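Working notes, structure below.
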Amino acid sequence: MIDPRLLRDDPDRIRAAQAKRGLSADVVDQALAADEQRRSSITEFERLRAEQKQLGAQIPKAQGDEKQALLARTKELSAAVKEAEAAQNVAEESYRAAMSAIPNPAADEAPAGGEDDFVVLEHVGTPRDFAAEGFEPRDHVELGRILGAIDIDRGAKVSGARFYYLTGVGADLELALVNLAMDQARAAGFTTVIPPALVKPRAMDGTGFLGQAADDVYRIEGEDLYLVGTSEVPLAAYHSDEILDADTLPRRYAAFSPCYRKEAGSYGKDTRGIIRVHWFDKVEMFSYTTVEESFAEHQRLLAWEKEFLTKLGLAFRVIDVAAGDLGLSAQRKFDCEAWIPTQGKYRELTSTSNCTDFQARRLDIRGRFPADQGGTRPVATLNGTLCAMTRTIVALLETHQQADGSVLVPEALRPYLQGREVLKPVVP
RNA sequence: GGAGGUGUCGCCUAGUCCGGUCUAUGGCGCCCGCCUGCUAAGCGGGUUGAGGGCAAACCCCUCUCGCGGGUUCAAAUCCCGCCACCUCCGCCA
């Protein structure tokens with residue numbers, strides 16, 4: 001939810017923000033009209049209600065004809081109040097609907113346009129040149145098979161397309177990555193969290209995943225519950241309806257959870273391997289802070305993501321995602337894309353978003369600040385991937401493979417893999 | 001899943017039977033002030049949140065006693081539904 005005052009005071013700014021995302025400004029005018037309607041209905045209701053209360057208070061003291069007249073009048077008012085209240089509820093609901101359709105205005109620095117209009121901010125590391133090394137790299141499916149690490153056939157047999165088993169060193173690799181990620185997060189002051197992966201509609205909607213994104217979300221049959229696509233959802237909703245003391249900010253949480261995605265509309269994309277799956281596990285960072293601090297916090301989250309990918313010896317680039325590709329809640333988003341040798345391109349491994357006070361307003365998360373700092377007002381929320389298991393495993397296996405099909409373990413990961421320095425093929 | 005109990009302002013609590021100055025009592029904590037070598041104690045005041053009147057302030061008004069309906073001129077209070085927590089039973093890792 002955007003700041004209602006901003007909409008009222010400077011609607012042209014919101015119109016411009018819609019344009020930058022490639023969206024229509026109609027919803028802005030709808031919201032403005034709904035706000036007018038809402039306020040006039042509130043005034044009308046309150047006027048009637050005040051009169052009703054004022055007259056009602058006189059009834060116990062009144063006698064005879066006077067009392068009868070008051071009863072008659074308040075009875076009329078009672079009906080009018082009920083009607084006005086219903087009208088107000090309708091107006092509030094259309095206002096809410098119009099407001100929640102408006103995405104967070106993108107940062108000035110975010111590139112305009114859609115998915116392909118990102119800006120590359122930097123490259124870290126250099127992609128390996130397998131041609132120069134004199135061998136053809138195997139893809140992660142083949143590496144996973146010969147290492148006994150990834151069983152895609154049985155994943156499909158048991159659960160269907162886009163499912164997999166991690167086995168042996170594959171499973172070990174995930175646990176190692178989780179522990180490496182959690183150790184880094186803990187050292188950086190994050191509180192470690194294991195959150196629920198099933199949430200109520202409020203949490204899903206509050207984080208902006210029930211709008212256009214709803215098609216990608218699994219809903220539990222016969223229950224009012226959703227499977228989360230990221231632990232951003234339970235982490236954001238964690239403090240919903242709370243007022244946080246200013247001196248407890250920033251609050252940083254790092255959660256390990258499964259992520260479930262329908263991948264609707266991605267038919268035919270990434271059908272091979274475990275790049276795009278219906279379920280994967282992830283370690284996610286999440287921060288609560290002030291809007292003023294959020295921009296610096298966003299850079300810190302990005303730095304922690306880069307630190308992690310660098311430890312793993314991956315080559316990657318950082319992109320500044322364009323306005324039209326930000327999703328509902330984000331004001332700015334940076335993706336880290338790692339080089340996937342057999343695809344010859346960079347693929348998203350991590351992503352960090354600054355949602356400013358957009359989610360906090362929807363979830364009613366506020367901070368209590370001194371009066372000269374605005375008193376009680378919405379906080380800012382930010383999220384960032386520390387490690388998405390499947391894609392990280394893809395990048396690791398493909399990047400660190402050797403001609404014989406073995407895979408070198410990056411030094412940082414060895415303590416978490418029982419000291420193993422190399423993963424060796426177990427099947428031809 | 002079944003039975004019973006509980007839900008009041010940051011925390012605790014009065015009020016609910018018997019509807020009407022409840023504009024929700026008191027304590028703790030917290031904030032401001034007074035007093036006092038300092039601190040503590042004591043004294044006085046303040047302290048739920050949201051929204052509307054306006055561009056803002058003062059001020060006024062409305063809503064807020066778990067949530068949502070209903071009855072009534074009037075609901076913390078009566079009725080119905082739901083939710084959460086506690087105890088016991090059943091089931092289960």
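Below, read A as the first sequence line, B as the second, and so on, with proteins coming before strands; counting in each chain starts at 1. The shown structure was predicted, so the numbers you read here are calculated from the model rather than taken from an experiment.
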Is the ring pair A:Tyr253/A:His239 parallel, tilted or perpendicular, if the boundaries are 30 and 60 degrees? tilted
A:Arg39 side chain: which of B:rG53, B:rG49, B:rC73 is closest? B:rG53
Determine: side-chain N/O of A:Arg47 to OP1/OP2 of B:rU62, distance under 4.0 Å, yes or no. no
Could you tell me how far B:rG52 sits from B:rC38 if I compare only their C1' atoms? Round to whole Å. 50 Å
Taking CG from A:Leu77 and P from B:rU72, how many angstroms apart are they, rounded to a whole number? 16 Å
A:Ile42 has a side chain; which of B:rC73, B:rG49, B:rG51 sits nearest to it? B:rG51
How close or far is atom P of B:rC73 from atom CD of A:Gln68, stated in whole angstroms? 12 Å
Would you say that A:Lys306 contacts A:Cys336 through its side chain, given a criterion of any heavy-atom pair below 4.5 Å between the two side chains? yes
Quick check: on RNA chain B, is the nucleotide nearest A:Asn89 upstream (toward 5') of the one nearest A:Asp35, or the reverse? Name the residue that is more 5'. A:Asp35
Would you mind telling me which of A:Val193, A:Val283, A:Leu386 makes a side-chain contact (heavy atoms from CB on, under 4.5 Å) with A:Phe256? A:Val283
Taking the same atom, P, in B:rC34 and in B:rG53, what whole-Å distance lies between them? 39 Å
Please determine, for the side chain of A:Glu46, which listed nucleotide (B:rG52, B:rG49, B:rC73) has the closest atom? B:rG52
Given the C1' atoms of B:rU23 and B:rC80, what is the spacing between them in whole Å? 30 Å
Under a 3.5 Å limit on both distances, the Watson-Crick or wobble mate of B:rC17 is none
What is the per-nucleotide protein-contact pattern of nucleotides 18-23 of chain B, from the 5' end, where B denotes a base atom under 4.0 Å from a protein heavy atom, S denotes such proximity for sugar-phosphate atoms only, and - denotes neither? --B---
Is the phosphate of B:rU72, meaning OP1 or OP2, less than 4.0 Å from a side-chain N or O of A:Ser78? no
Which of the following nucleotides, B:rA56, B:rU62, B:rG49, is nearest to the side chain of A:Arg5? B:rA56
In whole Å, what is the span from the CZ atom of A:Arg202 to the C1' atom of B:rC83? 14 Å
Rounded distance in Å between the P positions of B:rC58 and B:rU48: 16 Å
Starting from C1' on B:rG10, measure out to CG on A:Asp247 and report it in whole angstrom. 14 Å
Does some side-chain heavy atom of A:Arg414 sit less than 4.5 Å from a side-chain heavy atom of A:Leu417? no
Please tell me which of A:Arg368 and A:Thr43 maps to the more 5' nucleotide of RNA chain B, matching each residue to the nucleotide holding its nearest heavy atom. A:Arg368
Output yes when a side-chain donor or acceptor of A:Gln18 lies under 3.5 Å from a complementary backbone atom of A:Ser24, and no otherwise. yes
Using 30° and 60° as the class boundaries, would you call the ring planes of A:Phe190 and A:Trp304 parallel, tilted or perpendicular? perpendicular
Searching all strands shown, indicate the nucleotide that pairs with B:rG81 (Watson-Crick or G-U wobble; both distances under 3.5 Å). B:rC67
Of the nucleotides B:rC73, B:rG49, B:rG51, which one has an atom closest to the side chain of A:Arg38? B:rG51
With rounding to whole Å, what would you report as the distance between B:rC18 and B:rA93 at their P atoms? 49 Å
Which nucleotide, B:rG49, B:rU71, B:rA74, lies nearest any side-chain atom of A:Lys82? B:rU71
If you measure from the Lys or Arg side-chain nitrogens to the Asp or Glu carboxylate oxygens, is any gap between A:Arg272 and A:Asp139 under 4.0 Å? yes
Heavy atoms only, 4.0 Å cut-off, all strands: where does A:Lys200 land among base, sugar-phosphate and nothing? nothing
Tell me whether the OP1 or OP2 atom of B:rA50 has a side-chain N or O from A:Arg366 closer than 4.0 Å. yes
A:Lys75 NZ to B:rA74 C1', straight-line distance once rounded to whole Å: 12 Å
OP1 or OP2 of B:rC63 versus the side-chain N and O atoms of A:Arg49: is any pair under 4.0 Å? yes
Taking a pair as Watson-Crick or G-U wobble with both distances under 3.5 Å, which nucleotide is matched to B:rA3? B:rU87
Give A:Glu76 one of three labels, base, sugar-phosphate or nothing, depending on what nucleic acid heavy atoms sit under 4.0 Å from its own. nothing
May I ask which nucleotide in the shown strands pairs with B:rA75, Watson-Crick or G-U wobble, both distances under 3.5 Å? none
Face-on cation placement of A:Arg38 at A:Tyr95 ring, 6.0 Å and 45° thresholds: yes
Using whole Å, report how far CG of A:Leu244 lies from P of B:rG10. 14 Å
My understanding is that only residues two or more places apart in sequence, or in another chain, count here; which of them pass ring pair (Phe, Tyr, Trp, His ring centres under 6.0 Å) with A:Phe358? none
Please give the distance between the P atoms of B:rG44 and B:rC28 as a whole number of Å. 12 Å
Euclidean distance for C1', B:rU64 against B:rG7 (whole angstrom): 16 Å
Looking at B:rC11, which nucleotide sits across from it as a Watson-Crick or G-U wobble partner, both distances under 3.5 angstrom, or is there none? B:rG27
What distance, rounded to whole Å, do you find between the two P atoms, one in B:rC30 and one in B:rG90? 47 Å
Value in whole Å for how far the P atom of B:rA74 lies from CG of A:Leu71: 10 Å
If the cut-off is 4.0 Å, is A:Arg8 near the phosphate of B:rG52, judged by side-chain N/O to OP1 or OP2? yes
Can you check the A:Asp241 CG to B:rG66 C1' distance for me, whole Å? 12 Å
Tell me the partner of B:rA50, counting only Watson-Crick (N1-N3 plus N6-O4 or O6-N4) or G-U wobble (N1-O2 and O6-N3) with both under 3.5 Å; none if nothing fits. B:rU62
Ignoring backbone atoms, test whether A:Gln52 places a side-chain nitrogen or oxygen under 4.0 Å from the OP1 or OP2 oxygen of B:rC73. no
Between A:Lys82 and A:Glu85, does any side-chain N to carboxylate O distance fall below 4.0 Å? no
Cation-pi check, A:Arg219 onto A:Tyr226 ring (under 6.0 Å, within 45° of axis): yes
